[in-house]
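Read through the structure below, which is laid out as structure tokens, and then see the notes.
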Amino acid sequence: TGLSRTRPFDCTAMRLERLEQEQILPVTVERAWLFFSQPRNLAELTPPDAGFEMIRCPGGPVFEGAILEHRIRLAPLVRMRWVSEIKTVRENDYFIDEQRAGPFRFWHHRHGFEAVEGGVRIRDVVHYAVGFGPLGVLADRLFVRRQLEELFAFRKAELAKRFTRVVPEPARTAAS
């Protein structure tokens with residue numbers, strides 16, 4: 001028939017890792033969503049040493065099926081293309097991106113937004129696999145995990161700077 005049979009994706013053949021980060025920002029869910037749902041803002045949340053470069057990005061907010069293409073630096077003189085797809089979007093609640101081509105064997109990233117007292121809780125949950133069997137596990141332990149944690153620490157600090165609470169000035173009276 002000309003059709004070939006493919007094996008289903010086998011999760012047991014690789015080690016899935018989980019990285020989670022939460023942060024409360026003193027803004028509304030809607031304001032946080034407005035920023036995060038614009039793929040072009042990703043560059044502002046990526047450390048300069050990552051060599052991040054957006055190659056292709058649809059204008060406007062994220063939508064299901066959007067394909068994002070960028071380039072990152074893995075090591076000095078080593079750059080790699082990373083293509084991701086926005087799989088699910090629930091406005092003001094969460095969106096999920098998954099890698100289609102890039103440095104990981106598996107990448108699933110859920111960006112969550114929850115209204116809480118004092119603002120919005122931003123919650124990132126990443127499931128990833130480096131691949132390459134025992135060598136990938138070693139690479140994850142030696143530097144991949146640390147690089148991801150540094151990236152998310154940078155992101156957390158940048159968000160804290162960007163979304164700091166602005167204390168309004170006291171109202172002036174006619175006597176002052």
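One is the number of the first residue; the rest follow in order along the sequence.
Hydrophobic clustering places Met54 together with Ile72 (ILVMFWY residues linked when any side-chain heavy atoms are closer than 4.5 Å, directly or through intermediates). Cluster annotation: Trp107 and Met80 are assigned to the same hydrophobic cluster (Ile/Leu/Val/Met/Phe/Trp/Tyr, side-chain heavy-atom contacts under 4.5 Å, transitive). One hydrophobic cluster, built from ILVMFWY side chains closer than 4.5 Å, cannot hold both Ile96 and Leu16; they sit in different ones. Linking Ile, Leu, Val, Met, Phe, Trp and Tyr residues whenever their side-chain heavy atoms come within less than 4.5 Å leaves Phe52 and Leu68 in two separate clusters. Both Val144 and Leu142 are assigned to one and the same hydrophobic cluster, defined by single-linkage of ILVMFWY side chains at heavy-atom distances under 4.5 Å.
Closest of all the heavy-atom pairs between Pro61 and Pro39 is C-CD, 4.5 Å. Nearest heavy-atom pair, Thr164 versus Pro26, reported as atom, atom and distance to 0.1 Å: C-CG, 4.1 Å.
With Arg121 as the fixed residue, the side chain to side chain contact (heavy atoms under 4.5 Å, CB included) test singles out one of Val29, Leu25, Val116: Val116.
Ring geometry for Phe36 against Phe113 counts as perpendicular: the plane angle is over 60°, on a 0 to 90° scale with 30° as the lower cut.
Here CG of Leu19 is found 8.5 Å from NE2 of His109. Values are rounded to the nearest 0.5 Å. Note that CD of Gln99 is 10.0 Å distant from CZ of Phe106, once rounded to the nearest 0.5 Å. Here the OH atom belonging to Tyr94 is positioned 15.5 Å from the CD1 atom belonging to Ile122, to the nearest 0.5 angstrom. The line from CZ of Phe163 to CD1 of Ile24 is 15.0 Å long, rounded to the nearest 0.5 Å. The CD atom of Glu53 sits 12.5 Å away from the CZ atom of Arg81 when rounded to the nearest 0.5 Å. Here Leu42 contributes atom CG and Arg155 contributes atom CZ; the two are 5.5 Å apart, rounded to the nearest 0.5 Å.
Side-chain contact check for Asp93 and Trp33: no donor-acceptor pair (N or O, by modelled atom type) lies under 3.5 Å. Remark: the His108 side chain and the Asp97 side chain contain no N/O donor-acceptor pair separated by less than 3.5 Å.
In this structure the side chain of Glu17 reaches within 4.5 angstrom of the side chain of Asp140, judged on heavy atoms. Between Arg18 and Val125, the closest side-chain pair of non-hydrogen atoms falls below 4.5 Å.
Ion pairing between a basic and an acidic side chain is recognised when a charged N comes within 4.0 Å of a carboxylate O; Arg146 and Glu149 show no such pairing. Between Glu20 and Arg123 a salt bridge is recorded (basic side-chain N to carboxylate O distance below 4.0 Å).
For residues 116-139, the ring pair (Phe, Tyr, Trp, His ring centres under 6.0 Å) pairs, not counting sequence neighbours, are Phe104-Tyr128. Pairs of residues two or more places apart, or lying in two chains, that qualify as side-chain hydrogen bond (donor to acceptor under 3.5 Å, both in side chains) and include a residue from residues 36-52 are Glu44-Arg162.
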task: Could you walk me through whether Glu158 and Lys161 pass salt bridge (charged side-chain N to carboxylate O under 4.0 Å, His left out), step by step?
output: CA-CA 5 Å; Glu158 287 300 307; Lys161 282 190 255 178; 2.9 Å; yes
message: I'd like to know whether His70 forms a side chain to side chain contact (heavy atoms under 4.5 Å, CB included) with Ser84, so could you lay out the CA-CA distance, the side-chain angles of the two residues, the decisive distance to 0.1 Å, and finally the verdict.
response: CA-CA 9 Å; His70 36 274; Ser84 58; 4.0 Å; yes
query: Is there a ring pair (Phe, Tyr, Trp, His ring centres under 6.0 Å) between Phe35 and His111 once you walk through the steps?
result: CA-CA 12 Å; Phe35 178 78; His111 310 255; over 10 Å; no
query: Passes side chain to side chain contact (heavy atoms under 4.5 Å, CB included), Arg90 versus Phe95? Steps please.
result: CA-CA 6 Å; Arg90 300 291 178 262; Phe95 67 94; over 6 Å; no
query: Taking it one step at a time, do Ile86 and Phe63 satisfy side chain to side chain contact (heavy atoms under 4.5 Å, CB included)?
result: CA-CA 7 Å; Ile86 304 299; Phe63 58 89; over 6 Å; no
query: Under the side chain to side chain contact (heavy atoms under 4.5 Å, CB included) criterion, do Phe154 and Leu45 qualify, and how do the steps go?
result: CA-CA 7 Å; Phe154 177 88; Leu45 300 177; 5.7 Å; no
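Using modelled atom types, one side-chain atom of Lys156 and one backbone atom of Glu22 make a donor-acceptor pair closer than 3.5 Å. Within the 3.5 Å criterion, the main-chain N or O of Val89 finds a donor-acceptor partner in the side chain of Glu64. Side-chain N or O atoms of Gln21 include one that pairs as donor or acceptor with a backbone N or O of Phe152 at under 3.5 Å. Formation of a donor-acceptor pair under 3.5 Å by the Glu85 side chain with backbone atoms of Ile67 is not found in this model.
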